[in-house]
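A, B, ... follow the sequence lines: proteins, then strands. Residue 1 opens every chain. Predicted, not measured: the structure shown is a model, and the values here were computed from it.
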Number of protein chains: 2
Amino acid sequence: MTDTPGPGRKRPTIYDLAELAGTSPSAVSAVLNGSWKKRRISEKLAGRITALAGELGYAVNYQASLLRRERSNIVGMIVPKYDNRYFGAMAERFEAVARAHGMFPVMTCTQRDPELEFEAARALLSYQVDCLVANGATDPDRIADLCAAAGVRVVNLDLPGSKAASVTSDNFAGAKTLTHLILDRCRDDLGHAGPLLFIGGRAGDHNTAERIGGFRAAHAERGIALPEEAILACGYSPDKAERALDARAGALPPGLFVNSTITLEGVVRWLNRAVPDHAGRMRYGCFDYDAFAAQLPDNVGMIEQDVDGMIAKVFALIEGGPASPAHFRIPCILRTPPLPRG
Amino acid sequence: MTDTPGPGRKRPTIYDLAELAGTSPSAVSAVLNGSWKKRRISEKLAGRITALAGELGYAVNYQASLLRRERSNIVGMIVPKYDNRYFGAMAERFEAVARAHGMFPVMTCTQRDPELEFEAARALLSYQVDCLVANGATDPDRIADLCAAAGVRVVNLDLPGSKAASVTSDNFAGAKTLTHLILDRCRDDLGHAGPLLFIGGRAGDHNTAERIGGFRAAHAERGIALPEEAILACGYSPDKAERALDARAGALPPGLFVNSTITLEGVVRWLNRAVPDHAGRMRYGCFDYDAFAAQLPDNVGMIEQDVDGMIAKVFALIEGGPASPAHFRIPCILRTPPLPRG
DNA sequence: CAAGCTTGCTCAATCGATGAAGCAGAATTG
DNA sequence: CAATTCTGCTTCATCGATTGAGCAAGCTTG
C-alpha cells in the first residue's frame with residue numbers, strides 16, 4: 001500500500017493530493033469528505049482521488065477540518081478511574097454509544113483529583129467538544145459554569161450537580177432493597193432480627209449518604225432501631241475496612257451491608273483472619289458487583305448499577321432539547337445467587 | 001466567574017479578548033500561551049489579559065493551535081476493552097504517565113474488532129497524534145504501515161508485531177513459573193505427580209500460545225509427559241470453560257492451570273456444580289489477577305502482569321531514538337496467598 | 001443561433017492561534 | 001544632539017480543510 005514507509009515523513013495534505021492528481025484542493029476536499037456529489041465532481045475524478053488517497057495513506061487533519069466546521073461531533077467525558085469494573089464499563093459503554101450516534105468520544109481520567117477534574121474539563125473544551133459528560137465529578141457545578149461560558153452542554157453522571165442535568169443510580173432504592181434482602185435472610189437462615197452493620201464508603205460522599213439513607217429506611221420500615229455504631233463509613237479500601245473492624249467494640253452482628261467490592265475484599269480478609277468459624281454463620285450483601293464475590297457462600301445479593309441504562313439516559317439528554325437541571329435516578333439491578341442456600 | 005452563563009453562547013477567541021482588552025490578538029496569544037516574556041509584553045498588559053480570560057472562561061482552541069504547531073504532543077492508544085482489570089489498568093496508567101511526560105493522551109476502544117482497530121488508528125492519526133500505541137491489536141503490522149506513511153511512531157503493546165517495537169508480558173516465563181508452583185503444590189499437598197490440565201484461551205492467540213509453551217516447558221523440565229488432552233484451549237468465557245469441562249472424558253486431574261480470571265469464573269462454577277466435594281482436594285493457579293479469586297482456598301498462585309513496567313517501557317521507547325522492531329518481554333509478578341495452606 | 005441551463009470544476013475567504021518581522025517611542029550612549 | 005539600543009507592542013502570512021461564489025465549456029430549447 002504505502003510506497004516506502006519510513007519515519008520522519010510529512011503527512012500528506014489535500015494540497016499534495018491535488019498536485020499529484022492534477023486537480024484543485026477543493027475538489028480533493030469535496031471527494032474525501034463525501035460532499036462530492038453535491039458539489040458536482042465527476043465519478044471519474046472522485047475515483048482517481050480516492051485511489052490516490054488510499055495509496056498515500058491519507059488521513060484528514062481534524063485540526064484543520066474542525067476549525068472550519070461549526071460542530072465538532074466530539075463528546076467528552078471525564079472519568080475518575082478506569083481500573084474498576086464500574087467506571088471501566090462506563091467508559092466502554094460511553095465509547096460504543098457515542099460511536100453509534102456518529103460522535104467521536106474522548107475521555108480523560110481525573111484520578112479523583114478535584115483540581116485535575118477541572119483542568120481536564122478545560123482541556124476537553126479546548127478540544128472543542130460539543131458536549132461534556134462529568135462522570136463522578138466532585139464539583140460538577142464549577143465545571144457546569146465553565147461549560148456554560150463556552151456554550152457547551154454538560155450532563156453530570158454518577159454524582160449530581162445543581163446546574164446541569166444529572167444521571168445517577170437510584171442508590172436509595174437499591175440500598176433499601178438490598179437491606180431488606182439481607183434482613184430477610186438473617187431472619188430466615190440465622191434467626192437474627194437485625195440491625196445490620198453498614199460498612200464502607202465515606203459519609204460525606206453523596207452516593208454513600210443515599211445508600212445509608214436506604215439502609216436506615218429499610219430498618220425503619222421494619223421498626224428496627226438502628227444505633228449510630230451500626231454505620232461504619234470507614235472509607236473504601238480493604239485496609240481501612242479491616243482496621244475499622246479491628247477497632248470496633250462489641251460483638252459483630254451476623255448481617256452486613258458492604259458498600260463496595262473493594263470494601264468487601266477487606267471484610268472477607270478480616271473474617272478469614274479474625275473469625276475462623278464464620279462460614280455459614282454470616283449473611284451479607286454488597287452494593288457493587290463482582291463475579292467472584294458473587295460466589296462467596298454467605299453473600300446473599302449484590303447490587304449492580306445499570307451502566308447501560310445510565311449511559312442511554314445520558315445520550316438521550318445530549319440529543320434532547322435544552323436540558324433543565326433535573327436529576328434522573330436509574331434503578332439498580334439486584335443480583336442474587338442462582339440457588340438458595342441454607 | 002461567568003457573567004450570565006447560558007447555552008448557545010460562542011466560545012470566546014483571542015480576537016474577542018483582544019477587542020475587550022483594547023490590544024491585538026497576538027499579544028493575547030502570547031500572554032495566554034506563556035511566551036509573553038520572550039515576546040516582551042508588559043506585566044501589566046499580561047495581568048489584564050489573564051484576568052479577562054479568567055472572567056470569560058476562555059479556553060484555547062487546540063484545533064487552531066495545533067494546526068499551527070508542528071508537534072501536537074498527543075499520544076494515542078487503541079485498547080481492545082476497558083472493562084477488565086488488565087486493560088483498565090493499562091488505560092489508567094497510560095494516561096497518568098502520558099500526563100507526567102507532558103503529553104495529552106487520547107484512547108479509543110476497539111471492541112476486539114480488527115476493522116474497528118484500523119479505523120480507530122486512522123482516526124487517531126487524524127487527530128495528529130505524534131505517536132500511537134497499538135494495544136492488543138490483532139493486526140499490528142497493518143497499523144504500522146499506516147503510521148509509517150504518516151511519519152508517526154508506533155509501539156505495539158500486549159501483542160507483538162514485526163514492523164514496530166513491541167512490549168509484551170513474558171508470558172512464557174510467567175506460565176512456566178506458575179506451572180512449577182502448581183506442580184509443587186500438587187505433589188506436596190496432594191501427592192499428585194502431574195500432569196496438570198491447561199484450560200482457557202484460544203490456541204491461535206499469541207499470548208495463549210506462549211503460555212502453553214511455558215506450561216509444556218515446565219512439564220518437560222520435570223520429565224512429565226503431557227498428553228494432548230491436557231490442553232483445553234476452549235476460549236475465555238466462563239460458559240465455554242464450563243461446557244469444555246462437561247465435555248471432557250476421563251477423570252479430572254487435581255491440578256489446573258487456568259488461563260484467565262474470566263475462565264476461572266467458569267471453572268469455579270463448574271467445580272461447585274459438578275464436583276461437590278472438591279474443596280481442599282484441588283490445586284490450581286491462574287494467569288491473571290483478581291482480588292477475590294486470590295482468596296479462593298485452593299488457588300495457589302496468580303500471575304499479575306506488570307502493567308506499570310510495561311507502560312514505562314512503552315514511554316521509554318516513545319521518548320527514545322529511532323525504534324527498531326525489537327520485542328521486549330516484561331517479567332510478570334507471581335502473587336501467592338499470604339499464608340501457606342495444608 | 002442567442003438565451004439559458006447543466007456540468008464539472010477552480011478561486012478565494014475563512015476558522016483561531018502562532019510567531020517572524022516590523023515599527024513607533026523611550027532610554028541610553030558616545 | 002545624533003546614533004544606537006531597548007521596550008512594548010502590531011501586522012501579516014501561515015497551518016489544512018471547507019464552502020459560497022464564480023466561470024468556462026457543453027447542451028437545450030424556442
With the threshold set at 4.0 Å, does a side-chain nitrogen-carboxylate oxygen contact exist between R153(B) and D130(B)?
no
The ring pair (Phe, Tyr, Trp, His ring centres under 6.0 Å) partner of Y82(B) among F87(A), Y82(A), Y86(A) is Y82(A)
Looking only at side-chain N and O atoms, does Y15(B) come under 4.0 Å of OP1 or OP2 in dT10(D)?
no
Work out how much the helix from dC1(C)-dG30(D) to dG30(C)-dC1(D) bends between its end axes, five pairs an end, to the nearest 10 degrees.
50°
Lys/Arg-Asp/Glu bridge criterion (N-O < 4.0 Å) met for E115(B), R142(B)
yes
Result for side-chain hydrogen bond (donor to acceptor under 3.5 Å, both in side chains) between E117(A) and one of T110(A), N135(A), T138(A), T108(A) points to T138(A)
Could you work out which one of dT18(C), dA17(D), dG16(C) sits closest to the side chain of S29(A)?
dA17(D)
Report yes if the distance between the aromatic ring centroids of F94(A) and F315(A) is under 6.0 Å, otherwise no.
yes
Protein proximity profile, nucleotides 4-11 of chain C - base contact B, sugar-phosphate-only contact S, no contact -, cut-off 4.0 Å on heavy atoms:
---BBBBB
Result of checking D306(B), V314(B), V307(B), D308(B) against I330(B) for side-chain contact (heavy atoms from CB on, under 4.5 Å):
D306(B)
By nearest-nucleotide position on DNA chain C, the 5'-leaning member of S35(B) and Q63(B) is Q63(B)
OP1 or OP2 of dC15(C) versus the side-chain N and O atoms of N61(B): is any pair under 4.0 Å?
no
Those residues at least two apart in sequence (or on a different chain) that pass side chain to side chain contact (heavy atoms under 4.5 Å, CB included) with L45(B) are T23(B), A27(B), I41(B), S42(B), R48(B), I49(B)
